[in-house]
Structures are given as C-alpha cells and as structure tokens.
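Here the structure comes first, spelled out in structure tokens, and everything after it is commentary.
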Amino acid sequence: MLSRPLTVAVVGATGVVGRTMIQVLIEREFPVGELRLLASGRAPGRIVDVGGRRHEVREATPEAFNGVDIALFSAGGDVSRQLAPRAVEHGTVVIDNSNAWRMEAGVPLIVSQVNPDDAAAHEGIVANPNCSTMQLAPLLMALRDSVGLERVVVDTYQSVSGTGGEAVAELESQIRAHVDGRAKEASVYPHPIAFNALPEIDVFLENGYSREEWKVVTENRKILHLPDLRISCTAVRIPVFVGHSEAVHVETRGPISPERARALFAAIPGVVVRDDPAAHVYPLATEAAGRDEIFVGRVRRDASVERGLAFWVVSDNVRKGAATNAVEIAELLVDRGWVSRASERRLNGSAGMVSGRPEPVPAVAGPGAAV
Ligand SMILES: NC(=O)c1ccc[n+]([C@@H]2O[C@H](COP(=O)([O-])OP(=O)(O)OC[C@H]3O[C@@H](n4cnc5c(N)ncnc54)[C@H](OP(=O)(O)O)[C@@H]3O)[C@@H](O)[C@H]2O)c1
C-alpha cells in the first residue's frame, strides 16, 4: 500500500460525473496530495471550489499528466482515446469512465464488488463499466456463483443525467415549456424527453441493438468471465433526472427461490434489498439518487421458465454507476500496491501495451450519447 499522498487528476472535472468524482474523493478521504482538475480548453481560467480550496481548471493536454499518479477520466470516448495513452506514457494510471477502452484486451473492466482481482493485469488503463452494467453485474455474480446463469433479459429505464449536464438542462427546460404552454425543443435527444420514453440510447448498430444495449451484453460477459452468456437488453431513456432502473429476468441453471435470492443479494457488499411490495416498498430512483448502494426488490419467480427469477434493480448512475466505482477502483489499486507499477513503467521507458486506438463498433445512425 502506498503511504504517500497521491497526485490525482480528474479529466472532465466540470461535468456531471467529474464533479461527483471530486465529491466522492473527498467523502471517502482518498489520499490526495495534489488535485489537478482538467477539462476542455473552451473556457480557460475557471475556478472550482473543492472543500473550501479553490482550484483552477486547466486544459487537458498530454503535459498536464506530468507527475500524476492516478487520472480519473470522464470526458467522453474521444478524449479518452486521445489522451489516456499519453497519460500512461507519463506513468499515470488511468481509470477511464468512457466506453473507449472497456472491451480492449489488456484493459481490465472492473466492478469493485465483482472482479477486483482482474485489475492486477492492468497495463496503465483500467476501465469503469457502463452505468447500466454496473448495477446489474453484482446481482448476476451472486446467481452465477450459486445456481449458474442460463439466460438474462434486461430492460433499462435510464435517467437523463446519464447523458450529461446538457440533457439534464434539456429535460428541465421542456418541463418548464410544458407548464408555460410552449413547444418543447429537443436538441440533445431526437425527440422531447419530457413525458416520454425513448428506446434509443447511443447509436444503433448493424445488429439492430443500440450501442448502449450492446454494452450491457458485452461488458457483463467480460466482467463475469462468461464469454458465452446468453443476455439481451432493451435500453430506454425516461424523464428521470438521476437513477437508472432495470427490469431483469434471469433463467438459472439450478433452482432458486426468491427467498434465497434475496439472502444472496443482501450479502453482496453495497447491495440493499428493498422488497415488501404489499407495503409499497421497492427500489425507487428518487430514493437511490445521492446514494452509493445498488437497490434490488420485486424479487419473484419468473413464471415463464422452469427455473428463473424476475427482479427490479435501481442505482444512482452518476455515483455507483460512474464516480463511486471509479474511486473504488482507485482505492483498490492503492490498497493492493498496483499504482506504483506506473512509475516502474516510466523508469523502464515503456508506455505499457495500451498505445493504439481500439476498433470502433460499427454504427449506422443516431445521436451520440455514449455512457
Ligand atoms: N452521467 C453518467 O451517468 C455517466 C455514467 C457512466 C459514464 N459516463 C461517461 O462519463 C463521461 C462524462 O459524462 P458526463 O455526464 O459528466 O458529461 P458532461 O456533464 O457533459 O461533462 C463532460 C465533461 O467533459 C469535458 N470535456 C469535453 N470535451 C473535452 C475535451 N476535448 N478535453 C477535455 N475535457 C473535455 C467537459 O469540459 P468543459 O466544461 O470544458 O466542456 C466536461 O467536464 C462520458 O464519457 C459519459 O459517457 C457518464
């Protein structure tokens, strides 16, 4: 374990996730010596108040990573593709929140409760999963380990904060326009999001899935070490500000009762069972917002299969779905002494094996709203 305070950079420090990353670093008393806040060069000289100390937001350039131990990236895939390898060349360990590196060989994709040991293999970049994957993988892990997974079907109900600050503002302005009797203008999404449900998150792929849906498929397979897992997803954006909800149907290999599933779920660190439907108790986005836990409820037998469960999962997409898990990865790297390998790489004159661009996923149409 490192005993010295670390130099930590947050890339995308002015964004929804970046600001929450700073907050979570403070809350969890991460050993930050110097905090370097980085964003685009669009508005130089911005000041952010962090715990009563004023920090200037600097432009994210390759040189800005000089001396940085850990960089938390949350500025979109293009920025990560360009700058993460440059940061690694400076000896920085990158924890990347975008979808740029998640499926690359040599880049561990980590949910802190599920596969922390995978992070040992990092070569400079560790990827933080998509928010919809994040809240699902711990529950699937428990079922994988107890009775085995045959097939998973998940439908998501995702909040606008998952798209970023502009989408939050767009929902607010459309609600105001509705109250005032004005037309609702949409620019972030292809249709008004207020009072609507949009089955389009990220671009559409040649296989008919949206890229968001396909991330849930491929990322769960990688995290759970089940490359052939049969899993399907429909991802829907809804007019909720914070908190993603998911309806999950799992066909299991062995039999499992709802009672046993609840006990297994309750035993997972960071998972809370809220399941008393008769008293109207089940997970809600409004209650999950601002919390770090994953909430699960409505656990019942899936009547459509011989062995299976249905349940409802809710989590704060900005916290556990992005910022909190990123900081948990940083804690893991520090606790296990896996940060110092960065300076070894620098001394050896190697940038690690992450040096090129990952293959793009073939896309056919749609607005970019990658998470
Ligand atoms: N929101 C979620 O729930 C969630 C969950 C998982 C993953 N993510 C991912 O996290 C990333 C950020 O999401 P967000 O919701 O925080 O978005 P956001 O609110 O739109 O913030 C974007 C951030 O990126 C910075 N940025 C933009 N272009 C840049 C550039 N060329 N160089 C450096 N910084 C640049 C922006 O800085 P300026 O202020 O200078 O423009 C801002 O700080 C995305 O990759 C997203 O897919 C989000």
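Both counts, for ligands and for their atoms, begin at 1 and track the order of listing.
Within the 4.0 Å heavy-atom criterion, neither part of A43 lies near ligand 1. By the criterion of a heavy-atom distance under 4.0 Å, the side chain of R46, and not its backbone, is placed next to ligand 1. Only the side chain of V79 comes within 4.0 Å of ligand 1, counting heavy atoms alone; its backbone N, CA, C and O stay farther away. For A13, every heavy-atom contact with ligand 1 shorter than 4.0 Å involves the backbone, none the side chain.
Checked by atom type and distance alone, the side chain of E212 never pairs as donor or acceptor with a backbone atom of A235 at under 3.5 Å.
Remark: ligand 1 and P129 share no N or O pair separated by less than 3.5 Å (distance only, no angle test). In terms of N/O distances under 3.5 Å, ligand 1 is approached by V16. Backbone and side-chain nitrogen or oxygen atoms of N317 are examined, and one is located within less than 3.5 angstrom of a nitrogen or oxygen of ligand 1. Residue G165 has at least one nitrogen or oxygen atom sitting less than 3.5 Å from a nitrogen or oxygen atom of ligand 1, judged on distance alone. Looking at ligand 1, you'll find an N or O of G15 within less than 3.5 Å of one of its N or O atoms. Residue S98 has no nitrogen or oxygen atom sitting less than 3.5 Å from a nitrogen or oxygen atom of ligand 1, judged on distance alone. Annotation: A60 places no N or O atom under 3.5 Å from an N or O atom of ligand 1; distance criterion only.
Note on R307 versus D302: no salt bridge recorded, every NZ/NE/NH1/NH2 to OD/OE distance being 4.0 Å or above. Electrostatic pairing of R336 and D117 counts as a salt bridge here, judged by a charged N lying under 4.0 Å from a carboxylate O. Residues R28 and E328 are paired through a salt bridge, judged by an N-O separation under 4.0 Å between the basic side chain and the carboxylate. A salt bridge links R319 to E27: at least one charged side-chain nitrogen sits closer than 4.0 Å to a carboxylate oxygen. Using a 4.0 Å cut-off between a side-chain N of Lys or Arg and a carboxylate O of Asp or Glu, R237 and E200 do not qualify as a salt bridge. A salt bridge is absent between K320 and D292: the closest approach of a Lys/Arg side-chain nitrogen to an acidic carboxylate oxygen does not fall below 4.0 angstrom.
The hydrophobic clustering, which links ILVMFWY residues whose side-chain heavy atoms are closer than 4.5 Å, places L229 and V153 apart.
Within ligand 1, the atoms closer than 4.0 Å to a non-hydrogen atom of A322 are 5 (C), 6 (C), numbered from 1 in the order shown. Atoms of ligand 1 lying under 4.0 Å from at least one heavy atom of C131, given by number and element, are 5 (C). Interface atoms of ligand 1 facing A39, defined by a heavy-atom separation under 4.0 Å, are 33 (C), 34 (N), 37 (O), 40 (O). Close contacts of ligand 1 with R42, meaning ligand atoms under 4.0 Å from a residue heavy atom, involve 27 (C), 28 (N), 38 (P), 41 (O). Numbered from 1 in the order shown, with element, the atoms of ligand 1 that lie under 4.0 Å from a heavy atom of G12 read 23 (C), 24 (O), 25 (C), 43 (O). Near T14, meaning under 4.0 Å from one of its heavy atoms, ligand 1 places the atoms 36 (C), 37 (O), 38 (P), 39 (O), 42 (C), 43 (O).
With distances taken over non-hydrogen atoms, the option nearest atom 45 (O) of ligand 1 out of A169, G76, S132, S161 is G76. Residue nearest to atom 24 (O) of ligand 1, selected from G243, A75, G77: A75 (by heavy-atom distance).
Ring centers of H244 and Y157: at least 6.0 Å apart, outside the cut-off. Checked against the 6.0 Å centroid threshold, F295 and F311 do not count as a close aromatic pair.
For E59 and S40, the side-chain atoms include no donor-acceptor pair closer than 3.5 Å. Judged by distance alone, the side chains of Q135 and S315 never bring a donor and an acceptor atom under 3.5 Å apart.
Residue contacts with ligand 1 leave out V11, since none of its heavy atoms falls under 4.0 Å from the ligand.
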